[in-house]
Amino acid sequence: MSVRRSAQRWGPGGRRIAGAVIVAVIWAGTSGCGRDENVVVDPATEAALLSISTIPSELAQAEQRVTADCLRDHGFSAVESFEVPGGDSANLAGIVGLRDVEVARTEGYAEIAVRHDAAPATTGESPTDSAYETAFAGRPGHDVTIELSGGTTIGAADEGCLAEGRKKIYGSVKTYLWITNISQDIRTAVGDIRTSPRMMAANVSYLTCMTHKGVSTTGLSNTLDIAREKFASSRAAHEPPGAEEISMAIADAECQQSAELAKVANEAIVHQGAQWIQDHEKQILDIAAARKEALARAKSTLNRT
């Protein structure tokens, strides 16, 4: 079975290099499991699972800082510059495009609108590039892997500065992989939740709200398509969003909030995945505890002067 390597890649000077595999899941996975109505999820286990799906930006920011410090120790210029995911809301269903009203007010559709200038093209790999890659991600083939319950194997470098950052913040690369992939595991087990009655009702509520705000859309994914058509790569990272971008982003966020898209989706995952959650209860609680410890280490790292 092939291994998906989950690793952000930086190039010399802090630029990112293509090649890392990041699995994006919209709503839920592709396979499904039946719902046993007699299975009741323990509230503490549900809370633990939701906490894991909440990824505060401090985790990635602290990982970046440790990684950058390591690269500097190896003689390379490094900047803490790769994109930082995260948020304060649980997103167990992995919905792409969720946004907070206050963030929308200041950042608009930053993930779409901010222009990322391409790195200069090269005709081949220089010795410096090769040395950087070794310092950053270690030697090829030196990975640690985990296997999800559906059989997917995911791996990441176990040596190099990237691994050092993850070990410093998460305790180990394997713990990092579980914290960042356990939600994908349950989504794959649960299958498509979009046809659940409450999810369909929430989507109708979202569409109605957006129509009232003057945005004609068929759903959250279509809203993102509209935003791309209007704002894609329209501003530099240091430039604030324009009035039209802010207005649409706020409308989007407010309608998501009023329709309770994230809340309803989280509940659908828990409801349909109750048996899976019960079967993996100890693992969920252990990963939640590890995430709590990682966040404490991250905050301590960021508080360093």
Side-chain angles (χ1 to χ4, degrees), residues 22-32 35 41 46-47 49-57 83-114 183-184 186-232 234 241-274:
I22 301 174
V23 181
V25 181
I26 301 179
W27 300 108
T30 56
S31 63
R35 160 67 169 155
V41 176
E46 178 179 352
L49 187 59
L50 291 174
S51 75
I52 299 169
S53 73
T54 307
I55 308 296
S57 59
E83 296 169 11
V84 178
D88 296 326
S89 300
N91 187 14
L92 187 57
I95 300 176
V96 175
L98 285 182
R99 65 195 66 252
D100 177 81
V101 174
E102 290 307 312
V103 173
R105 199 181 307 280
T106 57
E107 298 184 12
Y109 287 100
E111 75 278 19
I112 290 171
V114 172
S183 294
Q184 176 191 334
I186 186 173
R187 288 196 293 266
T188 302
V190 167
D192 196 343
I193 64 170
R194 288 172 295 181
T195 57
S196 71
R198 286 202 63 204
M199 199 70 248
M200 293 176 69
N203 191 51
V204 170
S205 177
Y206 170 77
L207 298 182
T208 302
C209 176
M210 289 293 280
T211 299
H212 288 162
K213 291 181 180 292
V215 181
S216 178
T217 177
T218 60
L220 185 54
S221 179
N222 182 235
T223 300
L224 293 176
D225 289 339
I226 295 170
R228 290 186 189 96
E229 291 176 3
K230 290 177 173 287
F231 314 118
S234 58
E244 183 183 9
E245 182 185 339
I246 291 175
S247 177
M248 181 173 165
I250 290 175
D252 187 6
E254 289 178 342
C255 289
Q256 290 179 27
Q257 188 176 77
S258 66
E260 298 187 315
L261 283 182
K263 180 177 183 290
V264 172
N266 289 336
E267 291 173 351
I269 291 286
V270 172
H271 178 76
Q272 293 182 205

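Each residue takes its place number in the sequence, starting with 1. The analysis underlying the following values was restricted to heavy atoms, covering all of them including side chains, and did not include hydrogens, waters or symmetry mates. This is a predicted model, so every value here is computed, not measured.
- The line from CG of Leu220 to CG of Asp252 is 6.0 Å long, rounded to the nearest 0.5 Å.
- Listed by chain and residue number, Met199, Leu261, Val264 satisfy the side chain to side chain contact (heavy atoms under 4.5 Å, CB included) test with Ala202 (two or more places apart in sequence, or in another chain).
- For Glu102, the salt bridge (charged side-chain N to carboxylate O under 4.0 Å, His left out) partners two or more places apart in sequence, or in a different chain, are Arg105.
- Residues in residues 216-226 take part in these salt bridge (Lys or Arg N to Asp or Glu O under 4.0 Å) pairs, two or more places apart or across chains: Asp225-Arg228.
- The nearest pair of heavy atoms linking Glu245 to Tyr109 is OE2-N, 2.8 Å.
- Remark: Ala104 engages Arg99, Ala249, Ile250, Ala253 in a side chain to side chain contact (heavy atoms under 4.5 Å, CB included) (not counting sequence neighbours).
- Ion pairing between Lys230 and Glu244 holds under the 4.0 Å rule for side-chain N and carboxylate O.
- For Gln257, the CD atom sits in a loose shell: 12 or fewer heavy atoms of surrounding residues, nucleotides or ligands are nearer than 6.0 Å.
- Applying the side chain to side chain contact (heavy atoms under 4.5 Å, CB included) test to Ala251 and every residue at least two apart in sequence or in another chain returns Lys213.
- With sequence neighbours excluded, no residue forms a side chain to side chain donor-acceptor pair (under 3.5 Å) with Asp100.
- Residues satisfying the side chain to side chain donor-acceptor pair (under 3.5 Å) criterion with Thr223, sequence neighbours excluded, are Tyr206, Thr217.
- Distance alone, capped at 3.5 Å, is enough to place a donor-acceptor pair between the Thr211 side chain and the Leu207 backbone.
- Interatomic distance, Leu49 CG to Ser183 OG, rounded to the nearest 0.5 Å: 6.0 Å.
- Here salt bridge (Lys or Arg N to Asp or Glu O under 4.0 Å) pairs that include residues 262-272, with residues two or more places apart or in two chains, are Arg198-Glu267, Lys263-Glu267.
- Partners of Thr218 under the side chain to side chain contact (heavy atoms under 4.5 Å, CB included) rule, at least two apart in sequence or in another chain, are Asn222.
- Applying the side chain to side chain donor-acceptor pair (under 3.5 Å) test to Glu260 and every residue at least two apart in sequence or in another chain returns nothing.
- Side-chain atoms of Leu92 and Val270, non-hydrogen and from C-beta on, do get closer than 4.5 Å to each other.
- With Asn203 contributing its side chain and Gly219 its backbone, the two residues share no donor-acceptor pair below 3.5 Å.
- Minimum heavy-atom separation, Leu224 to Ile112: O-CD1, 3.8 Å.
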